[in-house]
Chemist: 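Got a structure here, written out as structure tokens. Questions coming.
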Amino acid sequence: MPELPEVETVARGLHKRVAGDTIHSVWIGEKLQPLKSPAAQIVSTLEGKRIARVHRAGKHIIVDLEGSSATRKKISRSRAGKRRMEDGKAQWIVHLGMTGQLMVSKPGSEVVRHTHLIAQLASGRELRFVDPRMFGKLSVHLDEFDPGGIEPLEVTEDQFRALFRGRKTPIKSALLNQKLLRGVGNIYADESLHRAGIRPRRQAATLSREQLHKLHEMVRKVLLEAIQAGGSSISDYVNADGEEGMFQIQHRVYGREGEPCLRCRTPIRRVVIAGRSSHYCPQCQK
DNA sequence: ATACCGACCTGTCAGC
DNA sequence: TGCTGACAGGTCGGTA
């Protein structure tokens with residue numbers, strides 16, 4: 001579900017609302033699928049921590065945690081030798097998968113089906129993770145989390161060209177490969193390729209310098225416009241406040257099979273590449 | 001190493 | 001009304 005713009009929107013919303021708050025206690029549901037770290041480890045890492053910052057890397061939400069001031073005082077008073085704990089820094093990583101939601105709720109509000117984690121905050125609010133399909137993943141890390149790949153909003157044109165050099169895979173598949181660029185998913189791959197005038201099946205290595213220049217530009221442009229619009233809501237994506245994004249109305253190919261290309265009126269075609277629906281204009285994209 | 005393909009899950013919607 | 005199949009923003013592991 002959520003690609004870079006949706007995850008960015010959620011992370012920004014969460015940061016604005018819960019940074020500075022402290023996680024009081026954590027409840028985790030029975031279903032174990034969404035956990036990459038053991039439940040007990042997630043609970044013990046989160047509880048008592050202050051949320052310093054919420055940000056994004058690729059499609060991962062990163063919650064920076066640090067020991068609460070109360071804990072800090074207690075530890076430094078009791079044991080000078082255990083100063084490592086004093087820092088108490090950790091990261092809580094949330095991947096939303098296809099249908100995951102991380103949102104701030106009022107404590108009394110109804111706990112919807114498929115709620116897998118509830119973190120009670122000192123302010124009285126709750127941070128909840130809901131995920132019907134359970135493709136999402138939760139984990140905690142004591143060292144800096146690195147998902148690999150390059151941020152598409154930071155990649156230089158030289159780096160971008162190098163990513164695809166010698167790759168025989170379809171450019172669409174390469175754009176979806178998170179080890180190369182992190183954060184581009186099915187919607188934004190299709191939208192970027194349409195704007196760059198490149199067919200999704202084109203072998204990455206055969207793209208001209210000019211086409212790569214254009215693609216680099218369009219990936220960036222599409223992602224920025226989507227962030228501006230608060231992401232794309234197809235069926236169940238909502239931001240941290242439970243609001244839908246608006247970028248779906250600006251989609252030029254994704255989900256528009258059979259409808260006219262907005263540039264040349266040719267019907268948009270849908271094919272399957274690497275198991276994913278891929279939409280393109282047979283006239284505009286070469 | 002590289003590249004498809006099914007599997008992982010639940011929910012929704014179109015068609016019969 | 002209800003059944004069936006296709007499909008859904010993502011990623012992983014097995015297989016060629």
Side-chain angles (χ1 to χ4, degrees), chain A residues 1-11 29-36 56-61 93-103 112-116 129-139 145-149 152 163-193 200-206 219 222-223 225-227 229-240 243-258 270-279:
Chain A
M1 172 243 293
E3 307 180 32
L4 186 152
E6 291 75 32
V7 178
E8 178 69 26
T9 302
V10 170
E30 305 290 301
K31 298 277 179 71
L32 294 180
Q33 258 85 356
L35 307 181
K36 273 175 86 182
R56 175 196 65 75
K59 296 174 191 168
H60 300 265
I61 296 169
I93 310 300
V94 179
H95 193 296
L96 299 175
M98 292 278 261
T99 52
Q101 295 177 7
L102 190 59
M103 55 212 302
V112 299
R113 213 159 125 74
H114 307 302
T115 298
H116 302 296
F129 177 68
V130 179
D131 184 12
R133 284 179 76 182
M134 296 192 292
F135 288 169
K137 292 281 182 290
L138 304 180
S139 62
F145 173 74
D146 177 16
L163 290 178
F164 306 116
R165 201 164 291 149
R167 293 193 183 266
K168 292 182 181 170
T169 193
I171 184 62
K172 167 80 184 270
S173 305
L175 286 173
L176 293 179
N177 184 344
Q178 303 295 298
K179 293 277 182 288
L180 303 178
L181 286 180
R182 62 188 196 208
V184 178
N186 206 33
I187 294 177
Y188 300 106
D190 280 4
E191 293 297 319
S192 305
L193 287 168
R201 256 198 239 281
R202 270 291 294 278
Q203 282 191 358
T206 68
V219 165
V222 164
L223 293 176
E225 284 179 20
I227 291 171
S232 301
S233 290
I234 303 298
S235 64
D236 47 18
Y237 161 73
V238 290
N239 67 15
E243 298 163 340
E244 299 189 341
M246 288 303 292
F247 192 71
Q248 64 279 8
I249 64 175
Q250 294 180 55
H251 291 174
R252 299 187 188 176
V253 286
Y254 185 84
R256 297 193 62 246
E257 181 187 11
R270 174 183 171 277
V271 296
V272 174
I273 300 171
R276 316 296 304 278
S277 268
S278 303
H279 312 73

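Note that this is a predicted model, so its numbers are computed, not measured. In what follows, chains carry the letters A, B, and so on, assigned in the order in which the sequence lines appear, proteins first and then strands, with residues in each chain numbered from 1.
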Chemist: Counting only side-chain nitrogens and oxygens, does A:H114 get under 4.0 Å of the OP1 or OP2 atom of B:dG11?
Modeler: yes

Chemist: Quick one: label A:Y254 by what it contacts on the DNA or RNA (base, sugar-phosphate, nothing), any heavy atom closer than 4.0 Å.
Modeler: sugar-phosphate

Chemist: Between P on B:dC4 and NZ on A:K168, what's the gap in Å once rounded to a whole number?
Modeler: 12 Å

Chemist: What interatomic distance, in whole Å, is found between P of C:dG14 and the corresponding atom of B:dC9?
Modeler: 15 Å

Chemist: Measure the spacing between CG of A:L180 and CZ of A:R182 and express it to the nearest 0.5 Å.
Modeler: 12.5 Å

Chemist: Pick base, sugar-phosphate or nothing for A:S277, based on heavy-atom distances below 4.0 Å to the nucleic acid.
Modeler: sugar-phosphate

Chemist: A:L175 CG to C:dG9 P: how many Å, rounded?
Modeler: 15 Å

Chemist: Base, sugar-phosphate, or nothing for A:P147, non-hydrogen atoms under 4.0 angstrom?
Modeler: nothing

Chemist: Could you state the atom-to-atom distance from NZ of A:K36 to P of B:dC8 in whole Å?
Modeler: 19 Å

Chemist: Tell me whether A:F135 is stacked on the nucleobase of C:dT11, counting only the six-membered base ring and applying the 5.5 Å and 30° thresholds.
Modeler: no

Chemist: Name the one of A:E225, A:H251, A:E6 that satisfies side-chain hydrogen bond (donor to acceptor under 3.5 Å, both in side chains) with A:Y188?
Modeler: A:E6

Chemist: Any side-chain N or O of A:H95 less than 4.0 Å from the OP1 or OP2 oxygen of C:dT11?
Modeler: yes

Chemist: Considering only NZ, NE, NH1 and NH2 on the basic side and carboxylate oxygens on the acidic side, decide whether A:D190 and A:R270 come within less than 4.0 Å.
Modeler: no

Chemist: Roughly how far, to the nearest 0.5 Å, is NE2 of A:H95 from CD1 of A:I61?
Modeler: 9.5 Å

Chemist: Can you measure A:L181 atom CG to C:dG10 atom P for me and round it to whole angstrom units?
Modeler: 14 Å

Chemist: Does B:dC9 have a Watson-Crick or wobble mate here (both distances under 3.5 Å), and if so which one?
Modeler: none

Chemist: Roughly, in whole Å, what's the span from CE in A:M134 to P in C:dT11?
Modeler: 18 Å

Chemist: Can you measure A:K179 atom NZ to C:dG10 atom P for me and round it to whole angstrom units?
Modeler: 15 Å

Chemist: Describe the nucleic acid contact of A:G275 in one word from base, sugar-phosphate, nothing, applying a heavy-atom distance below 4.0 Å.
Modeler: nothing

Chemist: Distance check, C1' atoms only: B:dA3 and C:dG9, in whole angstrom units.
Modeler: 23 Å

Chemist: Where each residue is assigned the nucleotide of DNA chain C containing its nearest heavy atom, which of A:R270 and A:R276 is assigned the position nearer the 5′ end?
Modeler: A:R270

Chemist: Would a distance-only check, ignoring hydrogens and angles, find a side-chain to backbone donor-acceptor pair under 3.5 Å from A:S278 to A:R276?
Modeler: yes

Chemist: Is the phosphate of C:dG9 approached by A:R133 (side-chain N or O, under 4.0 Å from OP1 or OP2)?
Modeler: no

